[in-house]
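Protein chains get the first letters and strands the later ones, always in sequence-line order, with residue 1 at the start of each. As a basis for the values below, the full set of heavy atoms in this structure was taken, side chains included, without hydrogen atoms, waters or symmetry mates.
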2 protein chains.
Amino acid sequence: MLGDMSGDLTIGQVAGRTGLSVHTLRFYEREGILADPVRREPGGRRVYGEHHVEWLNLCVLLRASGMPLPAIREYTELVRRGGHTAAERLALLRAHRDRVRERMARLDECMDLIEFKIRVYEDHLEQGPPEGEHLCGAPAEEPAAHPAAS
Amino acid sequence: MLGDMSGDLTIGQVAGRTGLSVHTLRFYEREGILADPVRREPGGRRVYGEHHVEWLNLCVLLRASGMPLPAIREYTELVRRGGHTAAERLALLRAHRDRVRERMARLDECMDLIEFKIRVYEDHLEQGPPEGEHLCGAPAEEPAAHPAAS
DNA sequence: CTAGGAGTTCGAGTCGGCTCTAGCTCAAGT
DNA sequence: ACTTGAGCTAGAGCCGACTCGAACTCCTAG
């Protein structure tokens, strides 16, 4: 086993704790996604600490919410440059929040139509597949003629 | 002007009405994303009808809700094969709906943390940037030590 | 002593989804 | 007659975000 000295972690352990692959961890590091540098043990292996894991989990969350890597890098750089960049970080986060909100709103709209179509199919299937001529194509093949389908 | 015969549309008009580019329209056609084939006028130009526009708008919506092109193609093929595939279409839509729901739930979680971080930065900025030692890095540089931060 | 497993670098490859280029044909307007 | 603009095809290129391969170095256990 690796020396379980203080809170040090190998890349594999960090992969385990973040859900990222070791490939991706090295990739993120090259991309400048780590706010403070990874130490190396003599021999060149990366040595991570808990703070790296926390930071990476934040990055995972930002990615999951759709923030592109360049934006994450930008944020990372602000953090690296110290506390006087707080206003810029706030602006970045707010911009991201707004974009996420928009995407969520859009998703809600999509859900409305998807659920509408599902309901139409359900009705059609459960109470009458009487192979009549009026369902040659589908019960509602293109029922975009629906509220909120611009 | 193009002969404004019945409801016929050029590719450019369809692009206008769907928000897709003409490139993307041809691409989608190659990808088998059109339930029924596009006619051609003598000379080879595509002739679309309103039903194409409706179908494409549905596709746009499915894309916007994260459905990958292969799944859309699959759905398209079911529609093409006729009304007896309704059950399969329903299954496909339900699966998609479930995935969208999951993504929305995940987004909600992300929003919680993003908004938490924003609040922390706001508080820090508005009521005291007194350059003390305790904000050397940030008010909450990695405050993933937060409810719902697994 | 040697085999295994985990680590390293660098660069190439993959995948999804477009996006664009080159070289061509039409049809209409001036 | 000629230019302009929209369309056509086939195929290449691009971008984002990984993902993998080759070739090598360690360390540890058997």
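Under the side chain to side chain contact (heavy atoms under 4.5 Å, CB included) test applied with A:V14, the options A:V38, A:L25, A:L20, A:V22 reduce to a single match, A:L25.
Side-chain N/O atoms of A:R45 and base N/O atoms of C:dA6 include a donor-acceptor pair closer than 3.5 Å. Residue side chain B:R46 does not reach the base of D:dC8 through any donor-acceptor N/O pair under 3.5 Å, judged by distance alone.
Going from atom CD1 of B:I114 over to atom NE2 of A:H96 covers 4.0 Å, rounded to the nearest 0.5 Å. Atom NE2 of B:H52 and atom CD1 of B:I11 lie 11.5 Å apart (nearest 0.5 Å). From B:I33, atom CD1 reaches atom CZ of B:F27 across 8.5 Å, with rounding to the nearest 0.5 Å.
A:G44 comes within 4.0 angstrom of the backbone, heavy atoms only, and of no base. Across all strands, B:G12 comes closer than 4.0 Å only to sugar-phosphate atoms, never to a base (heavy-atom distances).
Taking only side-chain nitrogens and oxygens, B:R26 never comes nearer than 4.0 Å to OP1 or OP2 of D:dT9. Between A:Y28 and D:dC18 there is a side-chain polar atom (N or O) within less than 4.0 angstrom of OP1 or OP2. Contact between the side-chain N/O atoms of B:S21 and the OP1/OP2 oxygens of C:dC18 is not found at any separation under 4.0 Å. Between B:R30 and C:dG17 there is no side-chain polar atom (N or O) within less than 4.0 angstrom of OP1 or OP2. Under 4.0 angstrom from either OP1 or OP2 of D:dG7 there lies at least one side-chain N or O belonging to B:T10. Under 4.0 angstrom from either OP1 or OP2 of D:dT9 there lies at least one side-chain N or O belonging to B:R40.
When every heavy atom of B:E31 is checked against every heavy atom of B:R73, the shortest pair comes out as O-NH1, 2.8 Å.
Distance CD (B:E41) to P (D:dC8): 9 Å, rounded to an integer number of Å. Going from atom CD of B:E29 over to atom C1' of D:dT9 covers 12 Å, rounded to whole Å. In this entry the distance linking CD1 of B:I11 with P of D:dG7 reads 7 Å, nearest Å. Remark: C1' of D:dG16 and CD of A:E74 are 16 Å apart, rounded to the nearest angstrom. Computed from coordinates, the A:L20 CG to D:dA17 C1' distance equals 12 Å when rounded to whole Å. As rounded to whole Å, 10 Å separates atom P of D:dG7 from atom CG of B:L25. Computed from coordinates, the A:L56 CG to D:dC18 P distance equals 12 Å when rounded to whole Å. One interatomic measurement links the two molecules: CG of B:L9 to P of D:dG7, which rounds to 11 Å at whole-angstrom precision.
In the set C:dT19, D:dC8, D:dC18, the nucleotide with an atom closest to the side chain of B:F27 is C:dT19.
With DNA chain C read from its 5' end, the first of the two nearest nucleotides for B:H23 and B:P68 is the one closest to B:P68.
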